[in-house]
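Because the structure is predicted, anything quoted here is derived from the model rather than measured. Below, chains carry the letters A, B, ... as their sequence lines are ordered, and counting in each starts from 1.
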Amino acid sequence: MEPGSAEQIRIKETIGYLFEDELLKEIIQLSKIKHLEAEETIINIGEKIPFLPIILSGTIKVVRENDQGEDLLLYYIESGDTCAMTMQCCVKSTLSEVKALAMESTDLLMIPLEKMEQWMSKYASWRAYILQSYHYRIQELIETIDAIAFMKLDERLLKYLKDQAKLMGTLEIPVTHQQIADDLNSSRVVISRLLKQLETKGDIKITRNKIILKNL
DNA sequence: ACATTAAGTGATT
DNA sequence: AATCACTTAATGT
């Protein structure tokens with residue numbers, strides 16, 4: 001990557017606060033930017049990941065998939081974050097247990113895997129970043145486990161909508177009932193009916209291809 | 001105007 | 001809460 005380029009400035013702006021200067025220099029030198037369109041898949045279950053992705057912009061959705069190809073939403077990864085599963089894969093060189101795809105147009109910073117270990121011992125800020133990232137992902141995972149195990153579907157649905165709104169930074173969520181059903185591993189009919197209830201309660205407004213949240 | 005896709009409904013398990 | 005079978009409504013060509 002050329003010094004002083006627009007890309008380099010962008011990298012500094014988005015993840016610069018995370019790392020010490022020297023490490024940042026290395027990152028800029030070694031990594032490539034990869035652009036993904038919405039819906040594009042980064043990794044599938046069973047694939048090996050040749051790099052560590054850090055998100056510059058956009059959002060990644062991480063899902064677990066059953067043998068029928070149905071997805072269950074695990075968590076999202078936002079700008080500045082990285083993928084916990086990938087980190088595990090590269091250290092132990094195992095295969096991915098999850099599928100990850102872009103929710104919107106997304107830019108990734110791809111870091112060569114060999115660097116991971118070196119940097120772990122070389123840079124305190126890298127260690128802190130990786131550990132904290134792990135911590136966040138596990139927390140989020142526990143949150144979704146709680147939701148699946150203890151919450152009724154209607155509560156889960158409302159949580160889903162609120163999470164989505166926070167993530168996209170808008171109360172108008174562009175989503176179909178079918179997509180929600182897929183994410184929550186439910187069926188379209190059930191979601192439609194629960195949404196109807198929420199609308200009657202005044203929590204949301206339903207339009208075609210869009211749900212409008214009345215309040216967080 | 002017609003086909004396609006999203007969303008609503010009633011009955012059944 | 002899920003599934004079936006069907007209707008109605010919105011949208012693209």
Side-chain angles (χ1 to χ4, degrees), chain A residues 34-47 53 55-79 81 83-85 95-108 135-216:
Chain A
K34 185 178 168 75
H35 180 77
L36 295 163
E37 293 303 327
E39 306 297 298
E40 212 177 319
T41 305
I42 305 157
I43 27 159
N44 264 301
I45 292 179
E47 281 179 3
I55 295 168
L56 285 179
S57 64
T59 319
I60 301 292
K61 178 167 130 178
V62 178
V63 301
R64 185 96 242 251
E65 199 173 56
N66 68 10
D67 41 15
Q68 274 119 59
E70 295 167 333
D71 290 345
L72 171 66
L73 175 63
L74 293 180
Y75 50 77
Y76 298 106
I77 315 176
E78 291 177 86
S79 161
D81 280 343
C83 174
M85 294 312 294
L95 303 176
S96 178
E97 303 281 344
V98 298
K99 176 170 134 189
L101 51 94
M103 293 190 61
E104 51 191 320
S105 179
T106 296
D107 286 333
L108 296 179
H135 178 71
Y136 281 153
R137 294 294 89 76
I138 287 170
Q139 266 199 328
E140 281 167 343
L141 214 47
I142 286 181
E143 213 179 285
T144 63
I145 289 173
D146 279 349
I148 294 168
F150 305 128
M151 288 167 76
K152 293 210 226 100
L153 192 52
D154 56 344
E155 300 173 288
R156 239 177 106 202
L157 174 59
L158 194 56
K159 173 176 159 46
Y160 171 87
L161 293 172
K162 287 179 176 177
D163 285 349
Q164 199 82 9
K166 269 181 230 156
L167 205 62
M168 307 304 257
T170 169
L171 292 178
E172 302 198 0
I173 307 156
V175 72
T176 66
H177 300 183
Q178 184 62 62
Q179 285 171 257
I180 300 175
D182 291 344
D183 280 345
L184 299 182
N185 195 35
S186 176
S187 67
R188 204 271 311 164
V189 210
V190 172
I191 296 298
S192 286
R193 284 176 175 147
L194 290 175
L195 284 170
K196 196 83 199 178
Q197 280 174 224
L198 288 175
E199 190 179 39
T200 318
K201 271 206 313 178
D203 288 339
I204 60 169
K205 174 142 201 332
I206 302 171
T207 59
R208 191 186 168 92
N209 290 318
K210 200 197 290 178
I211 310 283
I212 298 162
L213 217 52
K214 286 298 172 59
N215 47 58
L216 280 177

Requested in this report: Indicate yes or no for a side-chain donor-acceptor contact from A/Thr106 to the backbone of A/Thr59 under 3.5 Å, with no hydrogens or angles considered.
Outcome: yes

Query raised in the report: What does nucleotides 1-13 of chain C look like as a protein-contact string, B for base, S for sugar-phosphate only, - for none, at under 4.0 angstrom between heavy atoms?
Result: SBBB----BBS--

Report summary line: Nt span of DNA chain B in reach of chain A heavy atoms at under 4.0 Å, 5' end first, is B/dT5 to B/dA11

**Report entry** Whether A/Ser79 side chain and A/Leu56 backbone form a donor-acceptor pair below 3.5 Å
**Finding:** yes

Query raised in the report: Are the charged groups of A/Lys201 and A/Asp203 less than 4.0 angstrom apart, N to O?
Result: yes

Report task. Establish, from distance only, whether the side-chain atoms of A/Gln164 and A/Tyr76 form a donor-acceptor pair under 3.5 Å. Result -> yes

Identify each donor-acceptor pair in which a side-chain atom of residues 169-179 of chain A lies under 3.5 Å from a protein atom, sequence neighbours left out, and give them as a table.
unit_1, atom_1, unit_2, atom_2, d
A/Thr170, OG1, A/Glu172, N, 3.0
A/Glu172, OE1, A/Lys210, NZ, 3.1
A/Thr176, OG1, A/Gln179, N, 3.1
A/Thr176, OG1, A/Gln179, OE1, 3.2
A/His177, ND1, A/Ser192, OG, 2.8
A/Gln178, NE2, A/Asp182, OD1, 3.2
A/Gln179, OE1, A/Thr176, N, 3.2

Query raised in the report: Do NZ/NE/NH1/NH2 and the carboxylate oxygens of A/Lys61 and A/Asp183 come within less than 4.0 Å?
Result: yes

Query raised in the report: Ion pair present between A/Lys99 and A/Glu47, side-chain N to carboxylate O less than 4.0 angstrom?
Result: no

